[in-house]
Amino acid sequence: MHEGCARRRPLPPGLAFGAYLEREDVHDVLLTRDGTPLADIPAGSVIGASSVRRRAQLHIDPP
C-alpha cells in the first residue's frame, strides 16, 4: 500500500501492519540555477515536473 491513509476501512481481524517507514519531508523542491523563487520566475519559462498532479497545478496556476 502506498499510503496508510488510503486505507479507509479497519483492517480485517488478525491482520496488522507489522512495520512502516518513517515519512520523509513532503515539501516540493524547486531547483533554479540562480536560486530564483517560484514567484519570480518569468512568464513563459519552462518548468519540468514528473508528477502529473504537479503539472496540472502548474497548468492551472502558472507562476
Between Leu38 and Thr32, is any pair of side-chain heavy atoms under 4.5 Å apart?
-> no
Supply the atom-to-atom distance Ile60 CD1 to Arg55 CZ, rounded to the nearest 0.5 angstrom.
-> 13.0 Å
Chi angles and distances behind the side-chain contact (heavy atoms from CB on, under 4.5 Å) call for Leu30, Ile41 | CA-CA 11 Å; Leu30 173 68; Ile41 291 182; 4.1 Å; yes
Kindly compute the distance separating CG (Asp34) from CG (Asp40), expressed to the nearest 0.5 Å.
-> 10.0 Å
